[in-house]
Amino acid sequence: MNGQHIGKPMKRVEDIRLTSGRGTYIDDIHPFPNIHHAAILRSSYPHARIKEIRTEKAERMPGVKAVITGEDIAALTNPFPVGVTAPVKYYSLAVDKVRFVGEPVAVVIAKNRYLAEDALESIEVVYEQLPAVVDIEQALEPDAPLLHEEVGSNIVNHRHFHYGNVDEAFRQADLVVKHTFFYPKYSATPVETYGVIAHYDPSEQQYTIWSNFHGPFTLQSVMAAALKTPSNRLRIMIPKDVGGSYGIKSGVYPYMVLMAVASRIAGVPVKWIEDRQEHLAASSSGTDRVTWIEAAVKRDGSVTGLKMKMVDNVGGYVRAPEPACLYRTHSNTTGPYRIRHLQMETIAVMTNKSPTGLIRGYGGQQLYFPLERMMHMIAQKLGMDPADVIRKNLIRAEEFPYTTPSGGVYDSGDYRKAFDMLLDIVNYDEFRQKQKQARAEGKYLGMGLACIVEPSGSNMGYITIALTPEERAKSLPKSGCAEGAAVSIDPMGGITVRISTTPTGQGHETVAAQIVGEVLGVDPRTVKVVAEMDTLTSPWSVASGSYSSRFAAIGSSAVYQAAHKVRQKLLHIAQELLQVPLEQLVLEHGRIAVKDDSGREISLKRLIGSTHWNPDVLPQGMEPGIHETAFYTIHAAKPPDENDRVNGSVTYGFVADAVTVEVDIETGKIKILDYTTVHDAGKLLNPLIVDGQILGGLVHGLGGAMYEELAYDRNGQFLSGSFMDYLCPTAPEIPPITIRHVETPSPLTPLGAKGLGEGNTMSAPAVIANAVEDALSGMGVTIDTLPLSPNRIWTLIQKAKQKIEITA
């Protein structure tokens, strides 16, 4: 639909309250009287057996209501369910051992946070320190320190996949290019940290939890199972505003369970707000990954086959939805390229680092860093320009819908058009001449290119790829991607929309209002959108939530369908009142009119009033009132088949990036001169919000490329526990950015929209690495590890110089 409101750059309605300090966040909420506060005692050891916890002094301190330990948690909860068969027992408090620095060991509940924090200092924990392991490759060794004895090794998931004829592709290859890449563990740092308010009502045996949790609401069942309670006795409520997440606030759910149990034991409502040090040490993060990759290549630059071995470090425990980071990009493993033969080995390994989970781009940055680095390496080996290698392998427009070897179904796109637009914008050929001239003058300029596919709208069934077909067959097939929304109109004509996509700053309220305004012919600014989530009253599905860029493809479609139900009801009522065929009616500008010169019309306000005040005029069999709920799904989401093929997302966008850098070889400092990105996300619902989301994702990717790392020493001690040591990009580090769009509407969504906002998080690390290596071309420097700190670049340059001197 290309109308009056959809596709227009309407300013965000949320910003009025947010910029005036009237937002409602978890710390602003006081839903219960007599709320007590929690403070958490955390382990300072990466790996140790808990011999004894002495809580008596803390329990006697003034204002302390209760002190809770792992023994209490083990008595009242089950271990969290996980999507693997390995018997990993993960509770919300450490029970037998601590397995990472920052793991919760005990909780104090007191009248205020100050008293709770003071009481923590009186708790004595007797530890038996154990050897730790943080290195991925070392953790794979049979003699590595063992985190979970009942598992028998540190490997918690291990699978092999074969698509096409990989052996034949490599036999016929003119060249085989191989390399090993290391991707770092880093997080996101929203202004608002985790927060939970929990209340247990013994009269109803019900847990009510307020939290800035954003889903996916598959985790509601995980929480209910851990609490040993029916799902309708676990009420989860999300406030109107969530101060950013970038995926990691899905990881608040263990603390939701912990505070729920704390409330039950203490007999009072409990509130916990995470501090920044807790957040960095123990909230959630992306996985660090080692990838061994090989490409079968023809002399013309065609890549015919890939072999990939990917090992993810999930930290001290595998916790839902992990090991999904390994499989989120399973369907688009070959990216935007026409590679028909694929072999993968996937391993999830546990180490003495903090556990991992959802994060913006989930698995994409780990995938595309080695894949896009390989495209540049292939060009270098063949003496070709990287742009020519990329263009040679891109999927062609006439091939859509395109099915990947692993089962992804790319719905639409024109990748070459977007890529050629990118090269034109950056004057690619002209830059190559400037680069040569700059090198002659002692300046080291480089340009990197990267092309990626951006999946959006998860098919929840992709997670079950962690299991073998035989294991999957034992349970219910899974392919969920549905979302719900409701549109209602009150007796005075006020329109309200209720969504369950739990936005964390993406502008869902604005776009929902635009859609409803378009469908019902009203000003979007008159539409009230309710974004709070309540599992007892909101229309939601197991797939609901704010993740996987799913709002544009699925959430907005649910709103569109609910609004259309209302529209059809209004038209049918008007048909009865005006006594004209439905096809002769038009709904616009707050009225329904007859398409002739008679001037007959009826205002929406009068029409809606009739449904409430005078339902006798309604068509026979029609219910009074205006309240319609819709659940939308896309049937391209199907369970994995017996050959481990799965369409893990319902829509797929495209991103093409070009970055120009200058490297100071004396200091290793990188200066990004400009960053250009071209996106194809189908129909853009609000271009203003789109560009804002792209900028946010790009900066997150920039952090992963150059600054951010949750670093540990080899003994497992955490080294980056504050912003003095965990470096994030700020405004001065943001380069000039050019954003352009190509729109190839998705045939699968009613508005033609696809998700976006995560793409540059995935592409930026790869494209910046390509640019830096291009700047240092001829020096023998290979970029295979991030982040690209000046020290790391300087060290690589010095090693390359030494190698040249030795060779000479």
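Separation of the Phe80 and Tyr253 ring centroids falls under the 6.0 Å cut-off. Residues Tyr547 and His214 place their aromatic rings such that the two centres sit no closer than 6.0 Å. Ring to ring, Tyr428 and Phe419 are not that close: their centroids are 6.0 angstrom or more apart.
The two atoms that bring Phe182 and Glu137 nearest to each other are CE2-OE2, 3.6 Å, heavy atoms only. Taking both residues in full, the closest heavy atoms of Met762 and Val453 are given as SD-O, 4.4 Å, listed atom of the first, atom of the second, then distance. In terms of heavy-atom proximity, Lys478 sits nearest to Asn459 at O-OD1, 4.1 Å. Of all the heavy atoms in Ala282 and Phe100, the pair that sits closest is CB-CE1, 4.0 Å. Of all heavy-atom pairs spanning Ala711 and Ser720, the tightest one is N-OG, 3.0 Å. Nearest approach of Thr744 to Asp414, heavy atoms of both residues: CG2-N, 4.0 Å.
Judged purely by atom type and a 3.5 angstrom limit, Asp385 uses its side chain to pair as donor or acceptor with the backbone of Ala387. In this structure, Ser456 contributes its side chain and Gly755 its backbone to a donor-acceptor pair below 3.5 Å. In this structure, Arg373 contributes its side chain and Ile783 its backbone to a donor-acceptor pair below 3.5 Å. With hydrogens and angles ignored, the 3.5 Å screen pairs no side-chain donor or acceptor of Asp680 with any backbone N or O of Phe654. Checked by atom type and distance alone, the side chain of His376 pairs as donor or acceptor with a backbone atom of Leu449 at under 3.5 Å. Listed for the Thr356 side chain is no donor-acceptor partner under 3.5 Å among the backbone atoms of Gly286.
Heavy atoms from other residues, nucleotides or ligands lying under 6.0 Å from CD of Glu345 number more than 12.
No side-chain N or O of Thr749 forms a donor-acceptor pair with one of Lys683 less than 3.5 Å apart. Side chain to side chain, Ser245 and Thr504 fail the donor-acceptor criterion of an N or O pair below 3.5 Å. Side-chain atoms of Arg328 and Ser649 form a donor-acceptor pair, as typed in the model, at a separation below 3.5 Å. In summary, the side chains of His160 and Gln343 do not present any donor paired with an acceptor at a separation below 3.5 Å, with no hydrogens or angles considered. For the residue pair Thr651 and Asp411, no side-chain donor N or O sits within less than 3.5 Å of a side-chain acceptor on the partner. The closest side-chain donor-acceptor pair between Thr501 and His508 falls under 3.5 angstrom. Residues Asp312 and Tyr327 bring no donor and acceptor atom of their side chains to less than 3.5 Å of each other.
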Sequence neighbours left out, cut at 3.5 Å: what donor-acceptor pairs do the side chains of residues 697-707 make with other protein atoms?
residue : atom : partner : partner atom : Å
His700  : NE2  : Ser187  : O            : 3.0

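With salt bridges taken as basic N to acidic carboxylate O contacts below 4.0 Å, one links Asp288 and Lys353. Ion pairing between a basic and an acidic side chain is recognised when a charged N comes within 4.0 Å of a carboxylate O; Arg472 and Asp644 show such pairing. Between Lys249 and Glu192, at least one side-chain nitrogen of the basic residue sits less than 4.0 Å from a carboxylate oxygen of the acidic one, meeting the salt-bridge criterion.
For His179, the ring pair (Phe, Tyr, Trp, His ring centres under 6.0 Å) partners at least two apart in sequence or on another chain are Phe181.
The side-chain contact (heavy atoms from CB on, under 4.5 Å) test with Ile672 is passed by exactly one of Ile737, Val772, Ile768: Ile768. Partner of Asn313 under the side-chain hydrogen bond (donor to acceptor under 3.5 Å, both in side chains) criterion, out of Thr351, Asp135, Thr287, Asn154: Thr351 alone.
The aromatic rings of Tyr410 and Tyr652 are tilted relative to each other, their planes meeting at an angle between 30° and 60°. The aromatic rings of His679 and His741 are tilted relative to each other, their planes meeting at an angle between 30° and 60°.
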